[in-house]
Every structure is written in C-alpha cells, then in structure tokens.
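A note on names: the letters A, B, ... follow the listed sequences, proteins ahead of strands, and every chain is numbered from 1.
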Amino acid sequence: MTSTSATPAQAAPLSAATLARFAREVAKYPADQKQSAVMACLSIVQQEQGYVSTDSEAQIAAYLGMPAMAVHEVTTFYNMYNQHPVGQFKLNVCTNLPCQLRNGQGALEHLCKKLGIEAGGTTADGVFTVQPCECLGACADAPVMLVNDRQMLSFMSNERLDELVDTLKNHAK
Amino acid sequence: MLDLSKFQAKGVETCFHDRHVNAQIYAGLNGSNWGIKDYEARGGYQALRKILAADGGMTPDQVVAEVKASGLRGRGGAGFPTGLKWSFMPRALPVQKYLVCNSDEGEPGTCKDRDILAYNPHIVIEGMIIAAYAMGISVGYNYIHGEIFEVYERFEAALEEARAAGYLGNNILGSNHSFQLHAHHGFGAYICGEETALLESLEGKKGQPRFKPPFPASFGLYGKPTTINNTETFAAVPWIIRNGGPAYLECGKPNNGGTKIFSMVGDVQRPGNYEIPMGTSFAQLLEMAGGVNGGKKLKAVIPGGSSSPVLPASIIMDCTMDYDSIAKAGSMLGSGAVIVMDETRCMVKSLLRLSYFYSHESCGQCTPCREGTGWLWRLVNRIEHGEGRADDLALLDNVAENIMGRTICALGDAAAMPVRGMLKHFRDEFAYHVEHKTCMVPAYV
C-alpha cells in the first residue's frame, strides 16, 4: 500500500511568487486559522502545475501547518481539483438538467466527437481533456462550459465549439 | 490568460434588458458600471452613510427593526425572515463574531447571484457592512461558487475599492464601526451551499454539514457566533435602509416583501434573470421571458431550483411568484430558479439527470442520503432504459420516504422531493415507461 501522506516533497520547492500568492490568501483569516486558505492554495498550485500531486499536498500541508491527509481530504472532496495530470485545456461542459434542456449534453457529445475522445478522456497529444460536470451556476447561458477552472464560456452552440477548438489548438504548446 | 472573451457572456441576455419590473438590485446596470464611483452615483453607500451619520444615524436595533418591517425573507432558498435571523445574534457577547455571505450558487437553474456579484458587487458589500453594524460583527467572508472564478476576482477588486474609499476597515466613515471583509472561493461542491457545510469548507475542511443545533448564531465559523445570509438578501438591504422597511414590503405582498430575482431557464424563448415584485403572476413572468421556446405548449415547471417539486402547467399557471403561493401549490420558491419544460420533455429522463446529480453530490456522511440517492438514481435509470419492474414506482416512493427527514442536512430531502413531485404529478408517464419499455413523449432532445 502506498502512503499518500508522502515523505518530504520530492517536487521542486514552491517559488517565491507562489508563496506570495499563498501569503495573500492566508492573510484573510485569523492567525490561528491558516488552514482556511487550503482551498485557495490548492487552486493556485493547480493553476500553476495543472494538477495537485501528493508532493504539492505535502508542501501545502507544511506551509499551513496541517496534516497532509487533511489536505488530501480537501483535494478529493471538491470536484474541481485534478488529482492527476490533465490536458493543457481542461474543458468542463455542464450537463445538468437546465443545460440539458438547451443542448448541454449535445455540446459535450459534439466536443468529444470532434476531438475523438470519450467523456472524461484526454487527447493523445495532451492538449484537450473533456469532462461532463455539474451545475456551473450559469444556467441561463446554456450550453455553458469552463476552461481550466477559471474561464466560463456561454451559449456554446456546435459552431462556437468548433471555433473554440480551433482557437485553443492555435495556442497548444 | 488566453483571451476567450468572444465566447463569454456579456450579461445582455441575462441582466441588462428592459424587462425587469421595479428593479432595485439590477437597476441601471450595463456591465461597465460595476465600480465604486458608478455605484455611488446610483445612490450607493447612502444607506451606510445614513446609519453611521454623526448627527443621529440609526442604532443597530433600529436597523434590525427596519429589516423586520420590510418582510425580507432569505433569498437563498429557505425564505427565513432576515430580520428575525439577525435578532438571534448575541450582539453584546464579547467574543469574535462573524458574518458570512453565501454566494455558493450551485442549485441547478440558479444564476442570479452571479450577475449581482459581477455587475453590482458593491450593493452586496454595502449590505454586509450594514448587517455587520446591526449585529456588532467585525469580520466577514463572502464564500463564492468556485466555478465563477472571474466573478470572484471581480468581487475582490470591488473589495479593494471599498477599502480604499474607507467603507471597509477600521472606523468606517469616522464611526466606531469597524468591519473587515474578505472573499473566499469554493472549488466544486454543491453541498457547500448548505450553511454549515459552507462553514466547514471555510475552515479548510471537507464540506460536510454539521448537526443543528447548535445553530450558527451560537456556534458558527471557528465555533463563534455567525450569521449567514444569501447574496441577494444582503443586496436587498441598502434599498430597505434608504427607503424604509414598509416601502419594501409594499413592493411585494404581505409576508413576501420586495422584489425577487428569478432565473428563467430551460425551454423559454429568452432565458435570463428577471427582477420583479414578489407576487407577480407566473404567467406574466413566462411572458417576459418570451414564452415557451418555439411556441410549444408548457408541460411543467420546477419553480425554485432543482430541489423543489415539479408543478404541472395547470397548477403553475394559476400561481403567483412568492413564497406562500408556491408553497400552497405544493412546491417551494427556493432560490428562484424557474426551470421550464415544454410538451416534448420526458419526465423520466428529466428526473434521471437530477437524481444522478444528487447521488453525485451527496457528501456521504449520512447513510439514508449516501445510499438512498444512489438507489433513487439506479431505479430511475432502469425505468428510463426500459428495464423498470412492476413494483419500481412503489419502491421509489418508499426510498424517497425513507430519506426524508432522516439526514443531517437538507440534501437528502432535496433529492427526495423531485422524485415525489414527479410521481405525484406525472405517475402515468413513469408507469408507461415501466409497462411499455419506452417513452410516451414523442421526442426529446
């Protein structure tokens, strides 16, 4: 059995810029409640590294003075944390009922077909990951989707999806 | 970050249209006037200046009394009287107290708070400062749905403006009132919209609800007295203070004061948010949203977010949009998300998607919910796919019945109520699926 509360991190140490972002989050909470910043720290690491590794969890745990397992509990509880590497562009398409009534499921299927992957899959070149997701809170703009957790795209007809894929392909690393 | 603005909503369809009625929260917005100067030009922060005025102002008791007189009820879903909630806070207790805004807007169908925070963030900030004054609170947090990250960043920018202008911080406008306010984002967990799960999440833990009692007013964030209100609730407060509680009550109907924002979604011609007086007829609201998409007939409406029981067209068309009317019809006004379904929609397939959602989002803490939601989903799934058995409807009734009231939080009830609503009003459709292994509705996208 492998341990998730890893031994000292083998990952590169967190950069000064990352630590500055962490510090800005920690400052929001009482001095003895640094743990409150764990969700923000995890999302910062995910933005910078693409996913949350157990090494990153250990680094955040050390920074916030909490058990690594408590960090891991947070990573695994919330839907948006990537526990494994994903494509350069993670596309989450809402398929909940209000979106389904306005072709949300169709948008997901169109994207998957166009990229030649199953829902939840990643293209072989590592550029795209497509996932169905739960309510994004933008139901009147359906079909809606989220790019890399931070950009909400609206009214995604098949034509706009095609255009989006082309745009993103032009920025593939 | 990559410029994807051409794919992003501009708010025109959902918020900046001329179909609001007596708008208070969405009034005069255009997308570019969210900043503090424009907010002040619209009368913003006048309510705060009024209560903190050196020559008199208002006492905390007067503020609470005004909110009580307004008939304002919690806009997050439960509809609890806001003034009453505020009066539960042990104001004089010499301990740290917290104010929390619940902007974890994830109830399927709902997107009203997103537009408030994106296009009028200062109205929430002002409402929170006033609430903090009324309850003797010095620190607050706004917990924002993780999926609307750009809105979270907008709110943080608005906070910076308010701090720079002296509306947040120590000795606000030269008074004795000090209030620090911060934004906190979620990261994808429907359950965190439940207030005690939200508190757990704010403390940096899994968002698993707490037993109540103790209620947050005595044991809340970090174990300290805490008041939690919805975004739209706070946003209503400045208008109430400026114009008086009775004036607010008058724009709605008795026991249902003020305006309410409804998210019209699903099969309507013009989906979007509509701010209208409480007590407006559903028929009128539907007309504002352009009627049913494609000129089809209305079949059913889920009137208050996905957790509220469905109502067939014949019932909802006679309802007015307020807490009491919708409750009398056997459903809930909830968060104000109105999911409209036309005559081509299969109720089994619709319920299947919702049942999957609740099963996916159950936090796993209580057995009736963790197991029951999965059971409901598998039952609806086999009915939808032509594998339903003769006694499945009775079993659905039974499982739903056994979840209701047997869990720590309301998610279990929220999963059971749509099932019960569907079986109450559309039982024939489910029975047809079981008997004929196919759907009685001609087409479903």
Side-chain angles (χ1 to χ4, degrees), chain A residues 25 27-30 32-40 42-43 46 64 66 70 73-74 76-81 89 92 94-103 105-106 133-142 144 146-156 160 163-164 167-168 171, chain B residues 1-2 4 6-9 13-14 96 105-111 113-114 139 141 145-150 182-190 192 201-208 222 263-267 271-273 302 306 337 339-341 345 349-350 353-354 357 360-361 363 445:
Chain A
E25 297 301 328
K28 294 176 179 178
Y29 310 98
D32 59 347
Q33 300 290 349
K34 282 161 68 177
Q35 177 170 341
S36 283
V38 65
M39 293 182 70
L42 285 167
S43 75
Q46 176 155 309
L64 297 175
M66 60 194 280
E73 280 189 352
V74 171
T76 52
F77 186 82
Y78 297 90
N79 296 326
M80 289 167 67
Y81 294 116
F89 300 111
N92 285 86
C94 177
T95 58
N96 207 308
L97 181 62
C99 272
Q100 181 178 288
L101 296 172
R102 300 190 78 85
N103 203 37
Q105 182 65 30
C133 70
E134 293 304 341
C135 187
L136 296 173
C139 318
D141 301 347
V144 290
L146 205 53
V147 179
N148 287 347
D149 312 317
R150 297 196 178 214
Q151 286 177 293
M152 178 90 69
L153 310 186
S154 296
F155 309 113
M156 296 309 285
R160 276 162 69 84
E163 197 185 345
L164 173 71
T167 305
L168 296 179
H171 290 84
Chain B
M1 201 172 287
L2 195 54
L4 297 174
K6 68 183 294 194
F7 300 106
Q8 300 198 292
E13 295 85 351
T14 57
Q96 180 66 56
E105 184 178 51
E107 175 76 11
T110 322
C111 52
D113 297 339
R114 172 198 66 162
V139 179
Y141 294 96
H145 199 219
E147 287 85 342
I148 51 170
F149 211 89
E150 292 143 313
H182 303 283
H184 178 110
H185 67 75
F187 223 59
Y190 169 70
C192 291
S201 182
L202 199 43
E203 292 181 3
K205 302 171 191 161
K206 292 185 287 182
Q208 292 191 316
Y222 309 128
S263 301
M264 291 293 283
V265 302
D267 295 322
N273 291 317
I302 301 176
S306 64
I339 305 171
V340 176
M341 291 185 279
R345 301 304 182 179
K349 184 168 177 177
S350 300
R353 188 60 187 83
L354 292 181
F357 168 68
H360 186 265
E361 296 297 323
C363 82
V445 181

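- Gln46(A) touches chain B through its side chain: at least one heavy atom from C-beta onward sits under 4.5 Å away, while N, CA, C and O do not.
- Top candidate by heavy-atom pairs under 4.5 Å with chain B, chosen from Cys99(A), Cys94(A), Gly137(A), is Gly137(A).
- Heavy atoms closer than 4.5 Å to chain B are found in both the backbone and the side chain of Ala40(A).
- Neither the backbone nor the side chain of Val139(B) comes within less than 4.5 Å of any heavy atom of chain A.
- Under the side-chain hydrogen bond (donor to acceptor under 3.5 Å, both in side chains) criterion, Lys28(A) pairs with Glu25(A), Tyr152(B), Glu156(B), not counting sequence neighbours.
- Checked by atom type and distance alone, the side chain of Arg353(B) never pairs as donor or acceptor with a backbone atom of Pro98(A) at under 3.5 Å.
- Taking the side chain as every heavy atom from C-beta outward, Phe187(B) and Asp149(A) approach each other to under 4.5 Å.
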For side chain to side chain contact (heavy atoms under 4.5 Å, CB included), just list the numbers for Lys205(B) and Val38(A), CA-CA rounded to whole Å, side-chain angles, deciding distance to a tenth of an Å, and then say yes or no.
CA-CA 8 Å; Lys205(B) 302 171 191 161; Val38(A) 65; over 6 Å; no
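- In this structure, Glu134(A) contributes its side chain and Phe357(B) its backbone to no donor-acceptor pair below 3.5 Å.
- Here the side chain of Gln151(A) pairs a donor or acceptor atom with the backbone of Leu2(B) at under 3.5 angstrom.
- When only modelled atom types and interatomic distance are considered, Asn92(A) and Glu147(B) share no side-chain donor-acceptor pair under 3.5 Å.
- Proximity to chain B involves both the backbone and the side chain of Thr95(A), based on heavy atoms less than 4.5 angstrom apart.
- Of the possible donor and acceptor atoms, none in the side chain of Arg114(B) sits under 3.5 Å from a partner among the backbone N and O of Ala138(A).
- With a threshold of 4.5 angstrom between heavy atoms, Val144(A) does not approach chain B through any atom at all.
- Side-chain N or O atoms of Thr14(B) include none that pairs as donor or acceptor with a backbone N or O of Ala140(A) at under 3.5 Å.
- Ring pair His184(B)/Tyr29(A) is perpendicular by interplanar angle, where above 60° counts as perpendicular and below 30° as parallel.
- With a 4.5 angstrom heavy-atom cutoff, Cys363(B) touches chain A via backbone and side-chain atoms both.
- Leu4(B) touches chain A through backbone and side chain together, each having a heavy atom under 4.5 Å away.
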Run the side chain to side chain donor-acceptor pair (under 3.5 Å) test on Tyr78(A) and Ser201(B) for me, step by step, so that the C-alpha distance in whole Å, both residues' side-chain angles and the decisive distance to 0.1 Å come before the verdict.
CA-CA 10 Å; Tyr78(A) 297 90; Ser201(B) 182; 2.9 Å; yes
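- Taking chain B as the reference chain and counting heavy-atom pairs below 4.5 Å, the highest number among Ala70(A), Ala142(A), Pro30(A), Ala37(A) is found for Pro30(A).
- Interface remark: His145(B) contributes side-chain atoms only to the contact with chain A (heavy atom separation under 4.5 Å).
- Checked against side-chain hydrogen bond (donor to acceptor under 3.5 Å, both in side chains), Asn148(A) has no partners two or more places apart in sequence or in another chain.
- Within the 4.5 Å cutoff, no side-chain heavy atoms of Ser154(A) are placed close to those of Phe7(B).
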Derivation and outcome, side chain to side chain contact (heavy atoms under 4.5 Å, CB included), residues Lys206(B) and Thr76(A)
CA-CA 9 Å; Lys206(B) 292 185 287 182; Thr76(A) 52; 5.9 Å; no
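- For a residue to count as touching a neighbouring chain, one of its non-hydrogen atoms must lie under 4.5 Å from one of that chain's; by this rule Leu136(A) touches chain B with backbone and side chain alike.
- When heavy atoms are compared at a cutoff of 4.5 Å, Glu107(B) approaches chain A solely by way of its backbone atoms N, CA, C and O.
- Contact between Val265(B) and Cys139(A) at its shortest, heavy atoms only, is CG1-CB, 3.7 Å.
- The parts of Ser43(A) that come within reach of chain B are both its backbone and its side chain, each placing non-hydrogen atoms under 4.5 angstrom from that chain.
- Defined by atom type and a distance below 3.5 Å, a donor-acceptor pair is missing between the side-chain atoms of Ser36(A) and Tyr141(B).
- Contacts between Glu13(B) and chain A at a heavy-atom distance below 4.5 Å involve the side chain alone, from C-beta outward.
- Only the side chain of Phe155(A) comes within contact range of chain B, with heavy atoms under 4.5 Å apart.
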